[in-house]
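A quick write-up on the structure given underneath.
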Amino acid sequence: MQYSFTLPSDYGMSIIRRRIEAKGHITDGFPQLVFEAFLHAGRDARRSHATENLYAPFYQWDRPEGMNRFLGSQGFTQ
């Protein structure tokens with residue numbers, strides 16, 4: 001499961017980095033979650049070739065039931 005957000009060009013990507021740092025652990029140990037990654041690219045980052053500010057969480061699940069449980073959980077809405 002992957003979804004992405006295109007953020008405004010003046011959006012402070014440090015907000016996204018802090019969010020990942022503060023909340024990324026919430027899904028650790030979630031049943032049937034195999035892998036998770038929190039991808040981001042900043043338009044003005046020194047080494048980035050991004051033309052937009054992007055944030056894209058990525059999750060790999062063992063079974064659809066785990067993903068469905070996650071989508072209905074508080075962890076997803078935070």
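Linking ILVMFWY residues whenever their side-chain heavy atoms come closer than 4.5 Å, directly or via other members, leaves Tyr59 and Leu39 in distinct clusters. Placement of Leu54 and Met13 in two distinct hydrophobic clusters is found when ILVMFWY residues are connected by side-chain heavy-atom separations under 4.5 Å, directly or transitively. A continuous path of Ile, Leu, Val, Met, Phe, Trp and Tyr side chains, each step under 4.5 Å between heavy atoms, connects Phe5 with Phe38, placing both in one hydrophobic cluster. Following chains of ILVMFWY side-chain contacts shorter than 4.5 Å, one can reach Leu71 starting from Trp61, so the two form part of one hydrophobic cluster. Hydrophobic cluster membership is shared by Met1 and Ile20, with clusters built from Ile, Leu, Val, Met, Phe, Trp and Tyr side chains linked at under 4.5 angstrom.
With rounding to the nearest 0.5 angstrom, the NE2 atom of His40 is 11.0 Å from the OG atom of Ser14. In this structure, CD in Gln60 is found 8.5 Å from CG in Leu33, a value given to the nearest 0.5 Å.
Under the 4.5 Å side-chain criterion, counting only non-hydrogen atoms from C-beta, Asn68 is not in contact with Glu65.
Here the closest heavy-atom approach between residue Tyr11 and residue Leu7 is recorded as CD2-CD1, 3.8 Å. For Phe70 against Phe30, the heavy-atom pair with the smallest separation is CA-CZ, 3.4 Å.
Annotation: Gln2, atom CD; neighbour count of heavy atoms from other residues, nucleotides and ligands within 6.0 Å is above 12.
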